[in-house]
Amino acid sequence: MENAPSFIPTSLGLPIAQSPFQFNGAKLSIFFLECEDEALQNQLDTNINQVSNGEHNYKTLSINNKSVLLMIMADMSFVASDQSGTPYGTIAYPECSFWIPAFDTKTLEPGLFLPLLLLDNGTAIASGREMYGFEKQQAQFQFLNDTGEFDVKQPSFTALPYSFKTLSAQTKGQFNPLFTLSGSHHKHDTESLIDHSLFSSELGKHLFDQPFKVSDSQHTISFEDFLKVNLPCVFLKQFPSIQDGSIACFQKIAHAPFTLDSINGGGLYWQLLPPSITKFQLQIFPVESHPIVEQFGLMATQQSDGSYLMDTKGFWVDIDFTLQLGA
């Protein structure tokens with residue numbers, strides 16, 4: 001940026017970490033959630049398309065008339081450095097994110113939009129929001145296994161964002177359970193997808209039997225084509241005005257690519273007896289400040305206790321990747 005002033009970092013405590021962010025040995029459980037198209041498209045229209053003033057027209061991706069939302073539970077770590085490049089140390093944390101895979105009919109390029117990311121580390125929250133505008137929110141996690149830690153080969157967990165069970169002046173904010181993923185009762189040790197050249201094609205062959213359809217267009221895109229090495233992330237970076245919090249003093253549609261540096265391991269969640277892809281169950285609890293069923297149009301069935309249930313399937317990977325500088 002020409003004539004931009006130098007960023008003045010804090011001289012006390014932890015910095016807003018310098019990007020790009022490199023994650024080594026990141027362990028990710030990636031699940032596919034079926035959603036109503038209208039709800040996901042509304043997220044893209046409100047946060048990206050309408051703000052871009054015609055520059056972008058991102059559309060959802062669907063199979064069999066069901067739009068796709070990605071949920072990723074991850075064990076992450078990166079080296080936090082200040083703006084001068086001085087390393088402070090390694091920050092490790094769990095996070096759970098939701099991504100809308102989309103296709104821009106203006107540029108004919110795929111992209112990922114992040115409407116919600118839950119994590120329990122303040123520096124990672126501040127850095128992601130300040131640098132990229134990611135919708136990061138504070139949360140805790142309970143891992144439902146013997147070790148009490150995230151196990152990428154046997155994922156089972158509850159996410160508890162800092163939230164409000166009901167919306168009223170009397171409601172106290174606390175860490176409420178929002179959703180629980182369960183259903184894996186054995187280790188998934190198969191690591192047949194570590195070959196980089198076969199990674200996306202093997203996943204697509206087992207998880208999806210046809211290309212994604214781009215909503216309201218004639219375009220289609222395969223899972224293999226979508227998972228190309230430099231996958232662009234699209235986001236809305238904005239700050240509210242100090243004079244009037246209902247308006248933005250800065251607002252911009254921005255992009256930054258993820259680059260895949262190496263695949264250390266991975267595989268489908270697959271059970272041998274009977275041979276089939278493991279189906280997990282996602283249970284979503286009613287939390288009025290986080291109505292993710294309505295906001296994402298999750299195709300879940302409401303239970304008598306007010307919670308919602310839906311099945312999901314996915315895969316796991318152990319990878320090195322980088323979130324690069326953007327524009």
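No experiment lies behind these values; they were computed from the predicted model shown.
Between D82 and Q18, the closest side-chain pair of non-hydrogen atoms is not below 4.5 Å.
Between F258 and W99, the ring center distance clears the sub-6.0 Å criterion. In summary, the aromatic rings of F280 and Y269 are positioned with their centroids under 6.0 Å apart.
Between F235 and Y132, the ring planes lie perpendicular to each other; the angle is over 60°, past the 30° to 60° tilted range. F157 and F179 have perpendicular rings, their planes meeting at more than 60° on a 0 to 90° scale where under 30° would count as parallel. Aromatic ring pairs are classed by plane angle as parallel below 30°, tilted from 30° to 60° and perpendicular above 60°; the pair H255 and H56 is tilted. Between F208 and F223, the angle of the ring planes lies from 30° to 60°, which puts this pair in the tilted group.
In terms of modelled atom types and a separation under 3.5 Å, the side chain of S241 and the main chain of Q243 share a donor-acceptor contact. With Q238 contributing its side chain and F250 its backbone, the two residues share no donor-acceptor pair below 3.5 Å. Between the side chain of S127 and the backbone N or O of A17, at least one donor-acceptor pair lies under 3.5 Å.
Take D318 and apply the salt bridge (Lys or Arg N to Asp or Glu O under 4.0 Å) test, not counting sequence neighbours, and it matches K27. Y162 meets the ring pair (Phe, Tyr, Trp, His ring centres under 6.0 Å) test with F175; sequence neighbours excluded. Annotation: ring pair (Phe, Tyr, Trp, His ring centres under 6.0 Å) contacts of F113 (sequence neighbours excluded): none.
Ion pairing between a basic and an acidic side chain is recognised when a charged N comes within 4.0 Å of a carboxylate O; R129 and E135 show such pairing.
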